[in-house]
Number of protein chains: 2
Amino acid sequence: MHCRSCHDCTARGFAICAALDETELRELAQLSRHVRFESGATVFAQANIATSFFSVHAGTLRLYKLLPDSRRQIVGFALPGDFLGLPGLPHHEFSADAVGRVTLCQFPKESFATFAEKRPQLLRRMVELAGHELARAQEHMVLLGRRSAEEKIASFLIGWRDRLSGIGRGGEILPLPMKRLDIADHLGLTIETVSRTFSKLERDGVIQIFASGVVLLDTPRAEALSAGVS
Amino acid sequence: MHCRSCHDCTARGFAICAALDETELRELAQLSRHVRFESGATVFAQANIATSFFSVHAGTLRLYKLLPDSRRQIVGFALPGDFLGLPGLPHHEFSADAVGRVTLCQFPKESFATFAEKRPQLLRRMVELAGHELARAQEHMVLLGRRSAEEKIASFLIGWRDRLSGIGRGGEILPLPMKRLDIADHLGLTIETVSRTFSKLERDGVIQIFASGVVLLDTPRAEALSAGVS
DNA sequence: TCCGGCGATTGATCTGCATCAACAACATCT
DNA sequence: AGATGTTGTTGATGCAGATCAATCGCCGGA
């Protein structure tokens, strides 16, 4: 399960590495090391000093912020190709832990910064990735602030489907590796409301629920709910 | 009210311009033009093709997304020094309009991209700004998903105070140029709940309400609410 | 001065989702 | 097989905030 070279990396196409040529790729590989985390393990924690950046190689992570009284908001899920860490901010802004087994490329912060400094291509790619991330965050604000439970669930399913197909993981069944509680904390709902809403969507023939995920039976209906045309 | 040179620009210190030397600044000024919008005017609209980037010079803008049925989520307010527009995304992801009178520096997208391409300093600054923006967006997700109305209002006031003082606009009275409806659409509430919550905070001696803004009377209490220690 | 409109406030009522509670479906261990 | 823990589902009830509605203050225009 260890990746011996960047050349045949499955995340190569969508990660920041896409901005690099063969030589640079080898150079960057020198700085990096592969790390693996088992299900539930914490990769880094909010407010800790960030000493590394990461690029997700395989698996899913939940990224979340906690309030002092332990309310939790999952600000996003990270998938292969996603970059974790923000240049210019000394601390981690959120915690990250593994949903199922995860592998990552780890880059020491300073050496990565030095490497990136003189490579406008890479910097542009990073601006671009940050921009996409920001756009997703803003879309999620609409969801959290202005949508009903049913729209939230439908939106989440459609968005998750699109992200997976964007990294070549589309398929008939939509895998949901995270737990109901994770979905609830991502959508600003409780676990009971998530469960009830899944059940309602199944009763209405929009989805079919399996242990490992769901199948979208009535995609147009789900997309309409997701778009907010209820 | 027209800014004749970047040299004495009041937003110079916090805008992307901070990453440039005198020569580059003059060169960038060649590409830019100053534009002004009256209160309520739309600077650009969601889903339109983005032909320009902007840097806010003076005033406040509301940045928002609309659902088809006209529900609105204000994803943020832009202040002097903020950069509007995301390289790598062809369309505007949100609409922006002026809250009160606003002046901006406008940069044609391609010429700005060409200018930035070979200036790693500027690119790094943009990554940094995007990172800060992203961190703010994530903090706002916590607010939208996991906080009570009272915490939302307190959080908003404290956050607004901090942003203003960050650009040298701190003061006894905290100006709120936006309307109650804007605040409601920013915090995922209704106008009535915003009004009631302001009233409650005033009754409790936390704030004092004026036409133009509020004064924080019990800052520690407001900060506690804002932190979620209710 | 009166009128009309806009924004803000306040009150009465309703409702979507949270909360509280029980239970079911499975997996893991002894 | 039985005991125990974990995750998910479903039902009953409560409440924070939405909705509906009235009123107020203020400003600008006739």
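Chain identifiers are assigned alphabetically (A, B, ...) following the order of the sequence lines, protein sequences preceding nucleic acid strands; residue numbering begins at 1 within each chain. Note that this is a predicted model, so its numbers are computed, not measured.
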Nucleotide dT10(C), atom C1' - distance to NZ of K200(B) in whole Å | 16 Å
What nitrogen or oxygen pairs link the protein and nucleotides 22-26 of chain C at under 3.5 Å?
none

Along DNA chain D (nearest heavy atom to each residue), the more 5'-positioned of F198(A) and R146(A) | F198(A)
Answer whether the closest heavy-atom distance between the side chains of L201(A) and E150(A) falls below 4.5 Å.
-> yes
Could you give the side-chain donor-acceptor pairs of residues 128-135 of chain A under 3.5 Å, partners two or more places apart or in another chain?
unit_1: H132(A); atom_1: ND1; unit_2: E128(A); atom_2: O; d: 3.0
unit_1: E133(A); atom_1: OE1; unit_2: R136(A); atom_2: NH2; d: 3.3
unit_1: E133(A); atom_1: OE2; unit_2: R136(A); atom_2: NH2; d: 3.0

Side chains of Y64(A) and D97(A) in contact at under 4.5 Å (non-hydrogen atoms) | yes
For DNA chain D, what residues of residues 185-193 of chain B have any heavy atom nearer than 4.0 Å?
-> G188(B), L189(B), T190(B), E192(B), T193(B)
Does the side chain of R196(B) get closer than 4.0 angstrom to OP1 or OP2 of dT9(C) through an N or O atom?
-> no
Can you list the residues that meet the salt bridge (charged side-chain N to carboxylate O under 4.0 Å, His left out) rule with E192(A), with sequence neighbours excluded?
-> none
Bounded by its outermost nucleotides with an atom under 4.0 Å from a heavy atom of chain A, the footprint on DNA chain D reads dT7(D) to dA12(D)
Checking side chain to side chain contact (heavy atoms under 4.5 Å, CB included) for the pair L176(A)/L157(A): CA distance, chi angles, key distance, verdict?
-> CA-CA 9 Å; L176(A) 296 174; L157(A) 293 176; 4.1 Å; yes
Tell me, do F77(A) and D82(A) make a side-chain contact under 4.5 Å, heavy atoms counted?
-> no
Taking only Lys NZ, Arg NE, NH1 and NH2, and the carboxylate oxygens of Asp or Glu, determine whether R146(B) and D69(A) approach each other closer than 4.0 Å.
-> no
Look at the side chain of T193(B) and the backbone N and O of L189(B), then say whether any donor-acceptor pair between them is shorter than 3.5 Å.
-> no
Identify whether NZ of Lys or CZ of Arg in R180(A) sits under 6.0 Å from the centre of the six-membered ring of F198(A) and within 45° of that ring's axis.
-> yes
Centroid-centroid distance, F53(A) to F112(A), less than 6.0 Å = yes
So, are K179(B) and D185(B) salt-bridged, with charged N and O less than 4.0 Å apart?
-> no
Residue pair R101(A) / S39(A), side-chain donor-acceptor N/O under 3.5 Å = no
Among V35(A), L61(A), T60(A), the one residue meeting side chain to side chain contact (heavy atoms under 4.5 Å, CB included) with V102(A) = L61(A)
List in numerical order all residues of residues 201-215 of chain B for which some heavy atom is under 4.0 Å away from an atom belonging to DNA chain D.
-> none
